There are 2 protein chains.
Amino acid sequence: MYTETPTTGSTGPVRASERAYRQLRGEILDGLLVPGTGLLEVEQSARIGVSRTPLRAAIARLIADGLVAGRPGRGFMVTEMSVDSIRELYEVRRALEEHAARIAAERRDPAVFEALRAQFVAAPELLRHGDAGLRRYYELIDEFDLALDAAVANPFLVGALAGVRTHLARIRRLARDNPHRLRSAAAEHLLIVDAVLAGDSSLAAHATHVHLHQSLTSVLGTLGEAGVVPAGPAPRSAHHSHSPN
Amino acid sequence: MYTETPTTGSTGPVRASERAYRQLRGEILDGLLVPGTGLLEVEQSARIGVSRTPLRAAIARLIADGLVAGRPGRGFMVTEMSVDSIRELYEVRRALEEHAARIAAERRDPAVFEALRAQFVAAPELLRHGDAGLRRYYELIDEFDLALDAAVANPFLVGALAGVRTHLARIRRLARDNPHRLRSAAAEHLLIVDAVLAGDSSLAAHATHVHLHQSLTSVLGTLGEAGVVPAGPAPRSAHHSHSPN
DNA sequence: CAGCAATTCTATGTATACATAGGGCTTCAA
DNA sequence: TTGAAGCCCTATGTATACATAGAATTGCTG
């Protein structure tokens, strides 16, 4: 309460670069900044209300996240999400999440996954409660991811998964899940949770594989119906591509 | 010798931030900047010969790479490499490289891996030629990695692997490989190449698993002999940990 | 009318000056 | 002597002014 806002609560760091980063990232993930949009430093810094310096820091982080690509001389651009890149993303996601599920089954805290299990059992009911239920369902997915992260207890793996999930958020927005798919997904999640609870690492990995296969199939199906860019020139270099040598 | 050379050829971008990034990254990977070293902006910018602005950009990239961690208020620090973090790194590395090997076996260009095969067959001979041979051997490993990257043709996976390999370079420096281990490693690589050539994705994955297991065992053995930090407080967050929400 | 080249304009890259926050040290009091 | 409180100093965070490179446009020439 020393500044202007009384008590913002948990929003501790009010650094300008942090604000710029969160706003731009949110807008890209929400699709407000359409892929291909050129990000001009002066324009964006004026819009967000920060100087060019913190905005450059924000853009640097977005480039590291793979959400923004810098053209050689001319400006920056929100990266595209082609169907090919979605396939590629799921390829990495499978590798990481299968491994994470396998490890989680070995190291999990039973109490946490018992609680998750109960919620996934109730998920189909949840999905009958319109938009609010849908939001709650996605929160449940986030809790599941967090529980998995805590179980694997591996900063490298968690970091890699975080990078994948970033791009996943963009895809989730493109492909509007239908209720039927969501109910199936809940059942698949339940199986994974059960496997983790039982300490069955092999089943956890295979169930994750199946779930991601179904998820990708659904996403590609939705995108096939709608008019999404069918192939695209591929988003050069997903993560940071600063090759030092 | 990079500064005043008239035409360095392929080294196009002479941006100050790029120079600072490469120099700092190289020094961290080579162990010149000991883990735990505090990086002061003014000090480093004066030493490297750039202003604070490009140096901050360089540090931002190093943070994204996981080589540098920023303390809340007070400065930056070269991240530690504990034995635990090495185990964690190899856990991710196994997941990614097994998957990459599996995919490479399906999509590889036979000619490329034929050439690699010949070189790995000749590797044991190479390792009898002292330091020059050793350098050539490591170049061969790099060629192998590049061939794998080209075969998987997945920017996301390649990017994730690049991140892992960055940290691996630091470990490689800590754990001086003995000639016996290198000969075994060459044989293991040969098996992987053969599996990829044969299009046997399952064998490629399993051979990679075995190779990485042996590699980790060797590294941990070497570190056990020498006096390396046995556990450490774990390097908080390997990759970027800017949680937006 | 088409192609090439020079110029200009724009947006990034860099440097520096200023604001601010956090930590360490000193000093005073109990 | 020890504890705490306040001051100072240092290092990061931010803003702005300047340099520079690349691209598009426009004009000229064949």
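As a basis for the values below, the full set of heavy atoms in this structure was taken, side chains included, without hydrogen atoms, waters or symmetry mates. What you see is a predicted model; the values in this text were computed from it and never measured. Below, chain A is the first sequence line, B the second, and so on; all start at residue 1.
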Using whole Å, what does the distance between atom [atom2] of nucleotide [N] and atom [atom1] of [X] come to?
X	N	atom1	atom2	answer
B/R15	D/dT20	CZ	C1'	13 Å
B/Q44	D/dT12	CD	C1'	15 Å
B/E41	D/dG13	CD	C1'	9 Å
A/I48	D/dA15	CD1	P	12 Å
A/L55	D/dT14	CG	P	11 Å
A/I59	C/dG13	CD1	C1'	13 Å
B/L40	D/dG13	CG	P	13 Å

Considering only NZ, NE, NH1 and NH2 on the basic side and carboxylate oxygens on the acidic side, decide whether B/R61 and B/D65 come within less than 4.0 Å. no

Would you indicate which nucleotide in [options] comes nearest to any side-chain atom of [X]?
X	options	value
B/S51	C/dA11, D/dA15, C/dA15	C/dA15
B/T53	C/dG13, C/dT14, D/dT14	C/dT14
B/R52	C/dC18, C/dT14, D/dA15	C/dC18

B/R56 side chain near D/dG13 phosphate (N/O to OP1/OP2, under 4.0 Å): yes

Is there a side-chain polar atom (N or O) of B/S17 under 4.0 Å from OP1 or OP2 of C/dG13? no

Could you tell me if A/T208 and A/R102 have a donor-acceptor pair between their side chains, going purely by distance under 3.5 Å? no

Quick one: which of A/R108, A/R107, A/R165 gives a salt bridge (Lys or Arg N to Asp or Glu O under 4.0 Å) with A/D149? A/R165

Grab the two heavy atoms, one from B/L157 and one from A/V92, that are nearest each other, plus how far apart they are. N-CG2, 3.3 Å

Base, sugar-phosphate alone, or nothing: which one does B/L39 contact when heavy atoms must sit under 4.0 Å apart? sugar-phosphate

